[in-house]
Trainee: 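Once you've had a glance at the structure underneath, I'll fire off some questions.
In this chain, numbering begins with 1 at the start of the sequence shown.
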Amino acid sequence: MRLLLLLMALAFAHANAQTYPARAVKLVVPFPAGSATDQIARVIGQQLQESLGQPFVVENKPGAQGAIAATEVARAAPDGYTLLVATNTPLAANPSLFKKLNYDPVKDFAPIARLGTISFMIMVRPDFPAKNFKEFLAHAKANPGKLSAGYGSAGSQVSQAMLRSMGRIDFIDVPYKGLPQAITDVLGGSVSFTFADLANALAQIKGGKLRGIAVTSQKRSSLAPDVPAIAEELPGYELIAWFALVAPAGTPAPVVSRLHDTTVKSLAKPEVKARFDALGTDVAPMNPGELAGFIRSEIAKWAKMARAAGIQPE
């Protein structure tokens with residue numbers, strides 16, 4: 001009898017997957033409109049919509065370093081109609097940034113696909129006294145506690161903490177719900193600098209509004225070859241962030257498989273790669289099994305980085 005019920009359940013799930021999606025799907029983004037995650041979500045959402053024939057609607061739910069959005073999706077019905085376009089922040093770093101989370105990054109989600117990777121760049125106003133990273137370090141050391149840095153994600157927060165620790169400099173941390181607001185305050189002069197993801201950083205450089213000082217990748221980015229890597233002055237410094245698509249745990253495997261296959265086919269398109277390039281993001285797909293293992297390893301990695309940077313859970 002149990003075997004019969006299991007076979008019936010599998011047949012039902014398979015039948016549902018064949019008709020999935022039958023209505024609009026919600027893509028929850030844990031950061032504000034205009035953030036790199038938001039822009040990546042809109043590229044992927046458009047591709048899924050065109051391929052699967054139903055609307056994929058982006059809904060921004062910023063706050064608590066992505067924990068608000070992650071909690072909502074973790075508690076959503078596991079039917080494939082509420083998905084999370086996540087990053088390393090809610091899926092890997094938050095266990096080290098908060099004493100208590102209302103979700104479990106491993107147990108509460110069904111991985112679908114990793115989408116891409118991205119690095120950060122120190123951004124300052126054009127009139128900032130230092131013209132390069134070496135001068136930036138010297139200026140910060142000469143003015144301890146006088147500079148301020150805005151962060152709006154785990155990537156930017158840990159980047160700042162690593163800079164403080166490895167560069168032996170002192171500055172004030174200013175938290176935001178997302179990087180766009182931090183960038184706005186750097187533009188306005190109320191914050192000295194920020195670590196912006198390349199998606200936002202390249203746009204600011206192109207517009208001549210902000211200036212890039214250094215990138216967090218181990219080597220210079222091909223998208224901004226004139227901007228040095230922090231590691232050139234601080235050997236061993238490296239921070240790479242990533243994007244992934246996940247569903248609530250318990251989402252039927254055929255639905256996860258269909259979403260994964262469609263997403264990966266989209267990522268292979270030249271026009272999608274071009275869109276990712278414009279956002280400073282490298283296409284870097286993983287299948288559900290690979291992503292599950294990657295998330296576990298990243299939780300340990302971010303915990304190590306947070307400890308090394310002296311970050312205390314809030």
Side-chain angles (χ1 to χ4, degrees), residues 5-63 66-87 90-91 102-116 178 243-269 271-272 275-276 279 283 285-289 291-292 295:
L5 290 174
L6 176 60
L7 291 173
M8 290 175 63
L10 289 173
F12 180 73
H14 182 73
N16 278 352
Q18 294 301 307
T19 59
Y20 172 87
R23 53 185 169 86
V25 177
K26 182 165 65 174
L27 293 178
V28 181
V29 174
F31 299 106
S35 63
T37 315
D38 174 75
Q39 295 179 68
I40 291 293
R42 293 180 190 279
V43 173
I44 293 301
Q46 180 184 0
Q47 292 297 315
L48 290 171
Q49 182 169 307
E50 291 175 0
S51 297
L52 298 177
Q54 292 290 346
F56 277 72
V57 183
V58 172
E59 184 175 303
N60 300 92
K61 288 269 183 175
I68 292 174
T71 300
E72 177 181 307
V73 175
R75 294 174 178 173
D79 54 12
Y81 289 96
T82 302
L83 308 175
L84 179 69
V85 180
T87 70
L91 292 184
N102 293 321
Y103 67 93
D104 186 309
V106 174
K107 296 178 181 178
D108 290 343
F109 299 104
I112 296 171
R114 191 176 73 170
L115 306 174
F243 306 98
L245 182 64
V246 300
T251 298
V255 171
V256 170
S257 181
R258 187 166 199 211
L259 284 167
H260 169 264
D261 292 348
T262 306
T263 299
V264 171
K265 286 178 182 177
S266 297
L267 292 173
K269 295 179 180 178
E271 63 267 30
V272 173
R275 293 284 301 279
F276 270 47
L279 294 173
V283 172
M286 280 184 175
N287 65 39
L291 180 55
I295 289 172

Trainee: State, to 0.1 Å, how close Asn60 and Ala33 come at their nearest heavy-atom pair, and which atoms those are.
Mentor: ND2-N, 3.5 Å
Trainee: Could you report the tightest heavy-atom contact between Ala249 and Pro78, atom names first, then the distance?
Mentor: O-CB, 3.4 Å
Trainee: CG/Leu91 to CZ/Arg114 distance, rounded to the nearest 0.5 angstrom?
Mentor: 12.5 Å
Trainee: If you look at every heavy atom in Gly80 and Val255, which pair is closest and at what distance?
Mentor: CA-CG1, 4.1 Å
Trainee: Could you pull out all residues at least two apart from Phe56 that satisfy ring-ring contact (aromatic ring centres under 6.0 Å, His included)?
Mentor: none
Trainee: Let me confirm one number: the OG1-CG distance from Thr263 to Leu245, rounded to the nearest 0.5 Å.
Mentor: 5.0 Å
Trainee: Are the side chains of Ile44 and Phe276 in contact, using a 4.5 Å heavy-atom criterion?
Mentor: yes
Trainee: Gln54: what forms a side chain to side chain donor-acceptor pair (under 3.5 Å) with it, not counting sequence neighbours?
Mentor: none
Trainee: Look up atom CD1 in Ile295 and atom CZ in Phe109, then write down how far apart they are to the nearest 0.5 Å.
Mentor: 9.0 Å
Trainee: Please name all residues satisfying side chain to side chain donor-acceptor pair (under 3.5 Å) with Glu59, sequence neighbours left out, ordered by chain then number.
Mentor: none
Trainee: At their closest point, which heavy atom of Leu84 faces which heavy atom of Pro30, and how far apart are they?
Mentor: CD1-CD, 4.1 Å
Trainee: Which residue pairs pass the salt bridge (charged side-chain N to carboxylate O under 4.0 Å, His left out) test with at least one member in residues 77-86, sequence neighbours excluded?
Mentor: Arg23-Asp79
Trainee: Which pair of heavy atoms, one from Ala69 and one from Val28, lies closest together, and at what distance?
Mentor: CB-CG1, 3.7 Å
Trainee: Lys269: which residues meet the side chain to side chain donor-acceptor pair (under 3.5 Å) condition with it, sequence neighbours left out?
Mentor: Gln47
Trainee: Write down the atom of Gly66, the atom of Phe31, and the distance for their closest heavy-atom approach.
Mentor: N-CE2, 4.3 Å
Trainee: Do Val272 and Val43 come close enough that some side-chain heavy atom pair is under 4.5 Å?
Mentor: yes
Trainee: Sequence neighbours left out, what passes salt bridge (Lys or Arg N to Asp or Glu O under 4.0 Å) with Asp108? Give chain and number order.
Mentor: none
Trainee: Applying side-chain contact (heavy atoms from CB on, under 4.5 Å), name anything that partners Asp261, two or more places apart in sequence or on another chain.
Mentor: Ser257
Trainee: For the pair Thr251 (side chain) and Pro248 (backbone), establish whether a donor and an acceptor sit closer than 3.5 Å, ignoring hydrogens and angles.
Mentor: yes
Trainee: What residues, two or more places apart in sequence or in another chain, satisfy side chain to side chain donor-acceptor pair (under 3.5 Å) together with Tyr103?
Mentor: Asn94
Trainee: About how many Å separate CG of Asp104 and OG1 of Thr71, when rounded to the nearest 0.5 Å?
Mentor: 11.0 Å
Trainee: side-chain contact (heavy atoms from CB on, under 4.5 Å) with Pro288: which residues, sequence neighbours excluded?
Mentor: Val256, His260
Trainee: What pairs with Ala292 under side-chain contact (heavy atoms from CB on, under 4.5 Å), at least two apart in sequence or on another chain?
Mentor: Pro111, Arg296
Trainee: Would you please name every residue forming a salt bridge (Lys or Arg N to Asp or Glu O under 4.0 Å) with Arg42, sequence neighbours left out?
Mentor: Asp38
Trainee: Is any side-chain heavy atom of Leu259 less than 4.5 Å from a side-chain heavy atom of Leu52?
Mentor: yes
